[in-house]
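Numbering of residues begins at 1 and proceeds along the displayed sequence. Computation of the quantities below employed the complete heavy-atom set of this structure, encompassing side-chain atoms and omitting hydrogens, waters and symmetry-equivalent molecules.
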Amino acid sequence: MMKGKLLYIILISIAIISGLLSREFKVVPVFIGDILWATMVYFILRMLFTHKTLNFAIVVSLLFCFAIEFSQLYKAPWIDNLRHTLFGRLVLGETFLWSDLLCYASGIALGILVDLLFVKPFAKRHDAGSY
């Protein structure tokens with residue numbers, strides 16, 4: 001089980017670094033960062049709830065990402081001030097966009113693909129029964 005969690009920590013780190021780097025290169029479309037953010041959320045949930053099913057991670061990841069996006073419709077000085085910080089921009093975002101919902105679904109789909117192609121086979125080889 002610990003090796004599986006470590007693998008998710010590595011995947012979370014890759015998603016974070018890739019997402020931050022995607023903002024630095026102008027040739028990378030902005031939506032790539034949104035996709036990677038949702039992938040990171042998915043991996044965090046898989047790491048925290050290793051005993052839960054894949055469907056649990058998918059539903060909770062979608063709900064969380066969509067909730068964050070819809071929260072951007074709420075405007076109040078305290079949260080707008082928070083959104084103008086680096087942390088607020090990275091975690092909460094600033095502007096509601098319907099297209100971000102598609103990016104989040106795509107990012108979670110990417111996480112599922114990585115999970116099924118790499119994590120599941122790794123878990124079966126190293127921690128029988130932990131997937």
Mind checking the CG-CZ spacing from D100 to F31? Nearest 0.5 Å is all I need.
11.0 Å
Treat each ILVMFWY residue as a node, draw an edge where side-chain heavy atoms are under 4.5 Å apart, and state whether L92 and W78 are in one component.
yes
One pair to check against side-chain contact (heavy atoms from CB on, under 4.5 Å): I68 and V41. What are the steps and the verdict?
CA-CA 11 Å; I68 292 292; V41 168; over 6 Å; no
Do the side chain of E94 and the main chain of H84 share a donor and acceptor less than 3.5 angstrom apart?
no
Could you give the distance from CG (L45) to OH (Y8), rounded to the nearest 0.5 Å?
10.5 Å
Sub-3.5 Å donor-acceptor pair from the side chain of T85 to the main-chain atoms of L82, do we have one?
yes
Same cluster or not: I32 versus L97, using hydrophobic residues (I, L, V, M, F, W, Y) connected whenever any side-chain heavy atoms lie under 4.5 Å apart?
no
Flag yes if more than 12 heavy atoms outside F118 fall under 6.0 Å of its CZ atom; otherwise flag no.
no
For Y104 and W37, take the angle between the two ring planes, folded into 0 to 90°, and tell me which bin it lands in: parallel under 30, tilted 30 to 60, perpendicular over 60.
tilted
Report yes if some heavy atom in the side chain of I108 is under 4.5 Å from a heavy atom in the side chain of T39; otherwise report no.
no
Verify same cluster id: F66, L63 (apolar side-chain graph, 4.5 Å):
no
Pairs where residues 73-85 contributes a residue and the test salt bridge (Lys or Arg N to Asp or Glu O under 4.0 Å) is met, not counting sequence neighbours:
D80-R83
Kindly indicate, with the supporting measurements, whether the criterion side-chain contact (heavy atoms from CB on, under 4.5 Å) is fulfilled by V119 and L11.
CA-CA 10 Å; V119 178; L11 291 170; 3.5 Å; yes
Using the rule that two of Ile, Leu, Val, Met, Phe, Trp, Tyr join whenever any of their side-chain heavy atoms come within less than 4.5 Å, decide whether M40 and L86 are in one cluster.
yes
Hey, could you give me the CD1/CG distance between I112 and L54, rounded to the nearest 0.5 Å?
5.5 Å
Would you compute the distance between atom OG of S61 and atom CZ of F43 and round it to the nearest 0.5 angstrom?
10.0 Å
Taking the inter-plane angle between the rings of F96 and F70 on a 0 to 90° scale, is it parallel (under 30°), tilted (30 to 60°) or perpendicular (over 60°)?
tilted
Give me each pair satisfying salt bridge (Lys or Arg N to Asp or Glu O under 4.0 Å) with a member in residues 8-37, each pair once, sequence neighbours excluded.
R23-D34
Rounded to the nearest 0.5 Å, what's the gap from CD on E69 to SG on C103? Could you check?
9.0 Å
Heavy-atom closest pair, residues K5 and L48:
NZ-O, 4.2 Å
What is the distance from atom CD of Q72 to atom CD1 of I79, rounded to the nearest 0.5 Å?
9.0 Å
Those residues at least two apart in sequence (or on a different chain) that pass salt bridge (Lys or Arg N to Asp or Glu O under 4.0 Å) with R89 are none
What I'd like to find out is whether the side chain of R46 reaches to under 4.5 Å of the side chain of K52, using heavy atoms alone.
no
If two hydrophobic side chains count as joined below 4.5 Å and joins carry through other members, does V59 share a cluster with L101?
no
Is D115 salt-bridged to K120, cutoff N-O under 4.0 Å?
no
Trace of the side-chain contact (heavy atoms from CB on, under 4.5 Å) decision for L20 with L90:
CA-CA 9 Å; L20 291 173; L90 292 175; 4.0 Å; yes
